[in-house]
Structure formats: C-alpha cells, structure tokens
Protein chains: 2
Amino acid sequence: MSRRSGVLEFAVLGLLRESPMHGYELRKRLNTSLGVFRAFSYGSLYPCLKALVQRGWLAEEPSGGLGEPPASLTGRRAKIVYRLTAEGKEHFEDLLSQTGPDAWEDEHFGVRFAFFGQTSRDVRMRVLEGRRSRLEERLAKMRASLARTRDRLDDYTLELQRHGMESVEREVRWLSELIESERSGRPARGTGPDRPETPGQDRPDRPEPGPSDNTDR
Amino acid sequence: MSRRSGVLEFAVLGLLRESPMHGYELRKRLNTSLGVFRAFSYGSLYPCLKALVQRGWLAEEPSGGLGEPPASLTGRRAKIVYRLTAEGKEHFEDLLSQTGPDAWEDEHFGVRFAFFGQTSRDVRMRVLEGRRSRLEERLAKMRASLARTRDRLDDYTLELQRHGMESVEREVRWLSELIESERSGRPARGTGPDRPETPGQDRPDRPEPGPSDNTDR
DNA sequence: GTTAGCATGTAAGGAGTTACATGATTTT
DNA sequence: AAAATCATGTAACTCCTTACATGCTAAC
C-alpha cells in the first residue's frame, strides 16, 4: 500500500533533484541512468510518485509548469510534472548522508553510486570502503566454502563458483581504484577528458525531447 | 500461498535429485552451491517444500529413512527428510529440458548453469547461446543509450555505466569460452593455466574443517 | 490506416524476506 | 550455565511485476 520502496524512491528523489520531470520521462532516465542494475515498470513508478507526493516530498505541477502552453493547445495528454519540494530535498540529503550497511549491500550500492555526484566526499569514501570490505568478507566465505566442498562439486558448479569469485574479485579491484582516485583528487579514469568542477545546479531547461529512447523490453 | 517459485523450486528439486535431505541442510547447500547468486531463508524454503510435497514431487520420510534409529533414540528433533518422487524426477527433467527465454534471463541462468551436470549437451548449448545473445542485445542498447546521453551524464554515472558494460562484456567472453569448450569436448578450463586433466588436488589450501558454516546474514 | 511512441494509471499477484515462535543439543 | 548450532515452522509484510484499461499523436 504505502509503496515506499528503498531503491526506487531514492532514485526518483535523486533524479528529480536534478530537474523536474513527468513520470514517463522519469522512468526512461531511471532505466538508463541506473543502467544494468535495475529496471522499473510504470506499475511501480506511478504509485511511488503518488506516495512521495502524499509525504510532501514531491509536488505536482498539473500541466507544463510556467512558460508552457496548456495541454489543450499542445494537444498532448496533460503531463504531470513532478518537482522536489524543500522537504523532499532535505530528506534526500539525509538519505545521501547515510552510511549504514544498507548503503553498500547489493540492492542499494548501485543507486548510491549513481548519485555520487551529489554526495560528499567522505560519505563516498565510507560507502566505497564499506562495499569493498563487504565483498572481501564474502570472498573469504566463498574461499572457505570452496575449500571444504571442492571435491564434492561437479565441473559446472565449480566453474560457476570460480566465475562468481572472479567477478567479486574484479569488483574489489574496481573499488580499490576508485578509492585510490578519491584519495588523490578527482575520479579521473573516464572515457573523456577531465571536467574540473560543474556543480550542475539549477537548470530550468529540459535537456531535449530526445525522440526515441526505447528502453522498453 | 502456493509458494511455487521459479528458482527456489528448481534448485530444491535439483539438489534433492542428487540425494535426499532435510530442510536445514538443503538450505545450506542452496546457499553454497548457488554461490553468489542467491540466498534463501527458511521462511521461503519450508513453505516451498510443503507445496512440492502437495504436488506429489517430493515425499517426506518422517525420520531417518531406513537404517537409522528413530528420533526418540538419537535424541535430535525429528528431521523431515525429503526425497524426490518418480513424478518429481520426471517434472525436473521437463524443467531441465526447457530452453525458453526464461532459461537465460538473469534470475534463472545461474541456477540453470548450476545443474548443467544433469543437463543434456544440446540444451546446454542453447542456454549458453541464448544467454550470450541476450547479453549482446543488452550491450547494444547500452552502447546506443550511452552514445545518446554521454555528455549529459556526470563522471560517476558514466563510470557506473562503463563498469556495467565491462561486466557484461566479460560475461560474454566467458560464455564464448564455455561454448567453445562445449563444442570440442569437456568443459576443462580450471583456475590456473592449462592443466591437462587434474581435478584439483595439489594446492596450498588449508583443509581446515572450519566448524562455523555461517552462511547466515 | 496501422504501427510505434507518448502518457497515466489500477488490480492482482508473485517471489521472496523479516521477525517471531519453539525447542532440543552441542560446545565453550 | 551461556552461547552457538541444529531444526522446523508461521504471519505479516515488501517491493516489484504483469496484465489490463485508456486515449492521444507522429510516422511509415
């Protein structure tokens, strides 16, 4: 009933903090920004939006905000544009600053990372290090369990185990590199060149209609 | 109510096919055999077992099977040992032979792979190839979406995307190696460089019993 | 003139988890 | 005698999906 999920709620607040949007677009951005990690359907998004409005974290702007013509002229069905309220912003910042174990478990880490641009450096460090030690712990258990059961397992199970461990080891290396980068300045190591410092504050413009963004399955 | 899950049900049938077990042990094996991929709690396992019994796929053996003393003598609380019935075996083989898209989606692929030892070679091939082309499709979408949105994304989102894509690419390579191995004989491919045919024995491991099997969270 | 995309929603249900409840037995 | 492990189970809840319902517009 309440629909106050963890990940979805967090992501919605985070995206709306960057700029107001309506549900349909939000869902597209959700499924590209968070990339591989999660995909959400309208069946969860719309109820979530309503719940967030009821809590006072979002406000609906019935039609196109301020400078836009009413729906009756554009023809399109009335969009409901959602925008983060002051309380919503405050709440999101609370969430951002949390560094409990929740922050680095599998379900949450991806979305936390996705909003690292909005996160303070020390929180980023704690989350990255928390994640890394969580994975190292897991790795130790896997090694122990493998040593115990190695000869009972068939080739495929063994191969699955091996590949799983390698994946975890790879993520640990990735985290180590990121932690190293954090310690000594900016993330670096992107595809493009270093962008010094763009806070990305108020941008009342919407980026671009972006014709076909088919993220549907 | 019915609790007839996908993954859990499959895994339970698969493990019980190898040998009868009681719930508690089953759960431990579930969480090590399937490794990183999933962890199940008693709250889902026990109802699932009951549902499988009701469908006639499992049978309960109230106490320790045939040659064992009754619970009143061993002291232990009566274990309920579950064993796969003939119908259950048949059903599991049906499941094993299915090669629909379900078999290679994220949620199912791991458990399907874990029981490749029980799966016929052509089914294995179809599942591996299905998985691979699913991932390649996903990769194409990610690349397209990245090309479209690259400059709007901040460094962290970009890095997340990049790492996600690399993970998928890595899994594709893994699958390709496995497919290649399948085509030309046995799985092979152990941990180190090419070991001709040693099922893993000599190793600087400590065979320590390690009494605490704490798979709990 | 039909497919594809835009846009919003609801009802029902699936697949699991957490927290609780119980109790015996082995280890420390 | 306390703590850990073995062992089984239930009720309530979470978070999300699927399938459905609606209707408009742009492009092929």
Side-chain angles (χ1 to χ4, degrees), chain A residues 1-12 21-28 30-31 34 37-51 53 60 62-64 71-82 102 105-108 111 209-217, chain B residues 1-12 21-28 30-31 34 37-51 53 60 62-64 71-82 102 105-108 111 209-217:
Chain A
M1 277 266 167
S2 60
R3 239 69 182 205
R4 50 193 190 86
S5 51
V7 175
L8 181 52
E9 176 184 304
F10 189 94
V12 165
M21 257 177 285
H22 59 273
Y24 192 85
E25 198 190 341
L26 201 47
R27 190 235 180 197
K28 279 195 305 184
L30 229 39
N31 292 240
L34 309 185
F37 302 97
R38 313 225 36 173
F40 294 100
S41 59
Y42 298 118
S44 38
L45 177 57
Y46 285 116
C48 172
L49 285 169
K50 289 207 160 173
V53 168
E60 302 184 354
S63 203
S72 50
L73 288 181
T74 63
R76 284 217 169 279
R77 176 175 184 169
K79 293 178 196 175
I80 301 176
V81 174
Y82 292 92
D102 274 11
E105 288 304 315
D106 292 335
E107 326 85 84
H108 295 82
V111 86
S212 66
D213 206 333
N214 186 12
T215 319
D216 281 299
R217 303 237 239 156
Chain B
M1 275 272 167
S2 62
R3 239 67 180 206
R4 49 192 191 87
S5 51
V7 175
L8 181 52
E9 177 183 304
F10 189 93
V12 164
M21 257 178 285
H22 59 273
Y24 192 85
E25 197 190 341
L26 202 47
R27 189 236 180 196
K28 279 195 306 183
L30 229 39
N31 291 239
L34 309 184
F37 301 97
R38 312 223 43 169
F40 295 100
S41 59
Y42 299 118
S44 37
L45 176 58
Y46 285 116
C48 172
L49 285 170
K50 288 207 160 172
V53 168
E60 301 184 354
S63 204
S72 50
L73 287 182
T74 64
R76 281 220 166 277
R77 177 176 184 167
K79 293 179 194 173
I80 301 177
V81 174
Y82 292 91
D102 273 10
E105 288 304 317
D106 293 335
E107 326 87 83
H108 295 83
V111 86
S212 63
D213 202 333
N214 187 11
T215 319
D216 283 299
R217 299 239 248 151

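Not measured: the values here are computed from a predicted model. Side chains included, hydrogens not; waters and symmetry mates left out as well; all remaining heavy atoms used. Just so we're on the same page: letters track the sequence lines, and every chain starts at 1.
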- Query: Out of D:dT8, C:dG5, D:dC16, which nucleotide sits closest to the side chain of A:Phe40?
  - Reply: D:dC16
- Task: Please name the pair of heavy atoms, one in A:Val7 and one in A:Glu107, separated by the smallest distance, quoted to 0.1 Å.
- Result: CG2-O, 3.3 Å
- Item | Considering all heavy atoms, the nearest A:Tyr42-A:Pro47 contact | O-CD, 3.7 Å
- Note on the structure: Separation of D:dC16 atom C1' from A:Leu30 atom CG, nearest Å, is 13 Å
- When the rotation axes relating C1' atoms of four end pairs to the next four are compared across the helix from C:dG1-D:dC28 to C:dT28-D:dA1, five pairs an end, they differ to 10° by 40°
- Item | For atom CZ of B:Phe10 and atom P of C:dG14, their distance in whole Å | 20 Å
- Query: Can you name the residues that form a ring pair (Phe, Tyr, Trp, His ring centres under 6.0 Å) with A:Phe40, not counting sequence neighbours?
  - Reply: none
- Message: Would you say that B:Met21 contacts B:Tyr82 through its side chain, given a criterion of any heavy-atom pair below 4.5 Å between the two side chains?
- Response: no
- Item | Short side-chain N/O contact to D:dT5 OP1/OP2 from B:Lys28, under 4.0 Å | no
- Task: Verify the contact: side-chain N or O of B:Lys50 to OP1 or OP2 of D:dT8, cut-off strictly under 4.0 Å; return yes or no.
- Result: no
- Query: In whole angstrom, what separates A:Arg27's CZ from D:dC16's C1'?
  - Reply: 13 Å
- Message: Counting only side-chain heavy atoms from C-beta out, which of C:dT18, C:dT8, D:dT17 sits nearest to A:Ser41?
- Response: D:dT17
- Query: Can you check the B:Glu9 CD to C:dG14 P distance for me, whole Å?
  - Reply: 13 Å
- Item | Euclidean distance, atom CE of residue A:Met21 to atom C1' of C:dA7 [Å, nearest integer] | 15 Å
- Message: How many whole angstroms separate atom CG of B:Leu26 from atom C1' of D:dT8?
- Response: 13 Å
- Write down the distance between CD (A:Glu60) and C1' (C:dT8), rounded to a whole number of angstrom. 11 Å
- Hey, is the side chain of B:Ser44 poking within less than 4.0 Å of OP1 or OP2 on C:dT17, counting only N and O atoms? yes
- Note on the structure: Nearest heavy-atom contact between A:Leu45 and A:Gly23 is CD2-O, 3.3 Å
- Report yes if at least one side-chain N or O of B:Tyr42 is closer than 4.0 Å to OP1 or OP2 of D:dT8; otherwise report no. no
- Query: Quick one: are B:Leu26 and B:Leu49 in side-chain contact, heavy atoms under 4.5 Å?
  - Reply: yes
- Over all atoms of both residues, closest heavy-atom pair of B:Val53 and B:Glu60: CG2-CG, 3.9 Å
- Note on the structure: Quick note, B:Tyr46 side chain, CB onward, closest among D:dC16, C:dG5, D:dG9 is D:dG9
- Message: What is the distance, to the nearest angstrom, from the CG atom on B:Asp102 to the C1' atom on C:dG14?
- Response: 13 Å
- Select one nucleotide: of C:dG16, C:dA7, D:dT8, the one nearest the side-chain heavy atoms of B:Val7. C:dG16
